[in-house]
Structure formats: C-alpha cells, structure tokens
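A short worksheet on the structure shown next.
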Amino acid sequence: LLAALMLPMAIFVFSHPYYDRSEEFIYPLGHDRKEIFQEKIQSIKQAIFSNSKNLARITIQARISKKNNLKLSLIDEYEKIVRSTAKPRITDKQIIWEFTPIENSSKKIYNLTIKTSNNIKENIALTLIPNAKKNYTVEINGGIVDGQSLVFYTESRFTGPKEKMQTFYKRLMTYKPAFIQWLFFPILFFFFILSILCSWIIIYEHCDKRDKQ
C-alpha cells in the first residue's frame with residue numbers, strides 16, 4: 001500500500017524532466033480548419049516563443065520519412081545559431097528535437113529552421129493551422145504562408161526536484177479560492193500520515209496472524 005501511494009509520487013518528482021508546454025499544439029479558435037501542405041520542401045522557418053527558462057525540446061506535427069535528411073537550427077534575435085542538429089527523433093506523426101537546455105530562454109522568441117536535402121517529390125506532409133495569439137508566421141521554401149503556422153509545442157526542463165514541486169504548487173494554486181490554498185498542505189500532510197498508519201496496521205495484522213499460526 002505504501003509503495004502504491006509513494007512510488008507514483010517519487011516517479012513524478014524525480015523522473016520526467018520536462019515541464020511547461022508553452023504551446024499545446026497552439027490550438028487557437030478555429031483550429032479545426034487545418035490544411036495539409038505537402039510538396040517538395042527544402043526549407044521551413046517558424047517563429048518559436050519560449051515561456052520559460054531552460055527551453056529543451058520542440059515537437060512539430062509532421063509526417064516525414066525516417067530516411068529523410070533533416071537539419072534543424074534554433075536562431076536567436078541576433079541571428080546567432082544557439083542550437084542545431086542533423087539527427088532529430090522522427091516518429092510517424094512528429095519531429096521531436098531534444099537539446100541542451102537554453103538557460104536564458106524565458107520570454108524570448110527564436111526562429112526554428114528546418115532544411116532537407118531529400119529530393120523525393122513529396123518529402124514532408126505539414127499540418128498548418130490559423131495563427132494563434134502570438135502572431136506566428138511560417139516560411140516554406142522561402143515564401144511566407146499567410147495566416148498559417150506549424151502545429152508545434154515547446155517544453156522546458158526542470159533544474160531539479162525542488163523547482164518541479166514549486167512549479168507544480170504554483171500551478172495547482174492558480175485561480176484557486178483562498179480557503180482551498182490554505183487547506184492544501186494540511187490535507188497533504190494528513191494523507192501522508194494516514195498512508196503510514198494504514199501501512200503500519202496492515203503489517204501489524206499480518207505479523208499477528210503469522211504469530212498465531
């Protein structure tokens with residue numbers, strides 16, 4: 001019982017390193033009006049906004065052959081390449097790029113560029129949606145696609161368990177009434193004590209039955 005209660009909490013605190021999807025696939029009003037852009041693509045350029053520090057992963061919705069040769073770069077406001085790779089992770093419907101966290105990425109805009117050297121006729125199928133709140137624009141093969149954006153989201157990386165718990169608490173308390181905020185820690189403490197008590201009772205009863213046998 002104790003393991004069942006504490007193990008998920010330990011996994012949450014100490015394992016999964018990412019947080020803060022600053023875009024949930026940037027779904028704006030009218031996101032159901034999707035368009036599929038599919039033709040020979042040599043270059044893509046998309047504005048990326050980071051809400052938090054330690055930006056560390058970008059996921060793009062796209063259908064692409066794993067044999068395709070891609071080069072991804074992240075360019076800051078001074079036109080400096082801050083991260084680049086030629087080996088992103090490609091799944092059936094996504095391009096997933098994980099990189100060394102950018103410490104000072106909070107509230108900054110970057111340009112994500114994707115270049116391909118594959119010469120097949122239809123090498124990438126991109127899903128485009130109407131621009132969201134931040135006025136994103138996407139360039140494909142050097143031309144701006146008016147009013148459209150790639151479907152993507154960004155993720156940052158926690159520096160440690162303490163930051164994860166602080167962020168979790170802040171978001172848990174967001175827009176909560178004052179009395180709920182006041183009761184949060186007492187209830188959590190009571191739950192912890194109750195779990196220990198239940199575990200102790202189970203162990204005690206098990207040992208008692210064994211002694212009687």
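Note that this is a predicted model, so its numbers are computed, not measured.
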Please find the pair of heavy atoms, one from [X] and one from [Y], that lie closest to each other, and give the distance.
X	Y	value
Leu112	Trp97	CD1-CZ3, 3.6 Å
Ser52	Ser156	CB-OG, 3.6 Å
Phe99	Leu55	CE1-O, 3.2 Å

- Which residues satisfy the side-chain contact (heavy atoms from CB on, under 4.5 Å) test with Glu103, sequence neighbours excluded?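 So Glu103 forms a side-chain contact (heavy atoms from CB on, under 4.5 Å) with Asn54.
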[X]: partners by side-chain hydrogen bond (donor to acceptor under 3.5 Å, both in side chains), with sequence neighbours left out:
X	value
Glu98	Tyr18, Arg57
Thr159	Glu163
Arg157	none

- Donor-acceptor contact below 3.5 Å, side chain Asn69 vs main chain Thr116: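 Pair absent, no side-chain N/O of Asn69 close to backbone of Thr116.
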- Is there a donor-acceptor contact under 3.5 Å from the side chain of Arg83 to the main chain of Thr100?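 Flag set: sc Arg83 to bb Thr100 pair under 3.5 Å.
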Roughly how far, to the nearest 0.5 Å, is [atom2] of [Y] from [atom1] of [X]?
X	Y	atom1	atom2	result
Ile90	Ile95	CD1	CD1	6.0 Å
Gln46	Leu128	CD	CG	9.0 Å
Arg63	Gln61	CZ	CD	9.0 Å
Phe152	Thr59	CZ	OG1	10.5 Å

- What pairs with Tyr110 under ring pair (Phe, Tyr, Trp, His ring centres under 6.0 Å), at least two apart in sequence or on another chain?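 By the ring pair (Phe, Tyr, Trp, His ring centres under 6.0 Å) rule, Tyr110 matches no residue at all.
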Within the 4.5 Å heavy-atom criterion, are [X] and [Y] side-chain neighbours or not?
X	Y	value
Ser50	Lys107	no
Ile48	Thr154	yes
Ile41	Ile140	yes

- Query: Mind checking who shares a hydrophobic cluster with Ile144, ILVMFWY linked at side-chain heavy-atom distances under 4.5 Å?
  - Reply: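 Hydrophobic cluster check, Ile144: no partners found.
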Anything under 3.5 Å between a donor and an acceptor, one on a side chain of residues 70-79, the other on a protein residue two or more places apart or in another chain? List them.
residue: Asp76; atom: OD1; partner: Tyr78; partner atom: N; Å: 2.9
residue: Asp76; atom: OD1; partner: Glu79; partner atom: N; Å: 3.2
residue: Asp76; atom: OD1; partner: Lys80; partner atom: N; Å: 2.9

- Going by the side-chain contact (heavy atoms from CB on, under 4.5 Å) test, name the single residue among Ile96, Val151, Ile114 that passes it with Ile60.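 Running side-chain contact (heavy atoms from CB on, under 4.5 Å) over Ile96, Val151, Ile114 with Ile60 returns exactly one hit, Ile114.
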- Give a yes or no on whether Leu150 and Ile109 share a hydrophobic cluster (residues Ile, Leu, Val, Met, Phe, Trp, Tyr; joining criterion: side-chain heavy atoms under 4.5 Å apart).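 Linked, Leu150 and Ile109 end up in one cluster.
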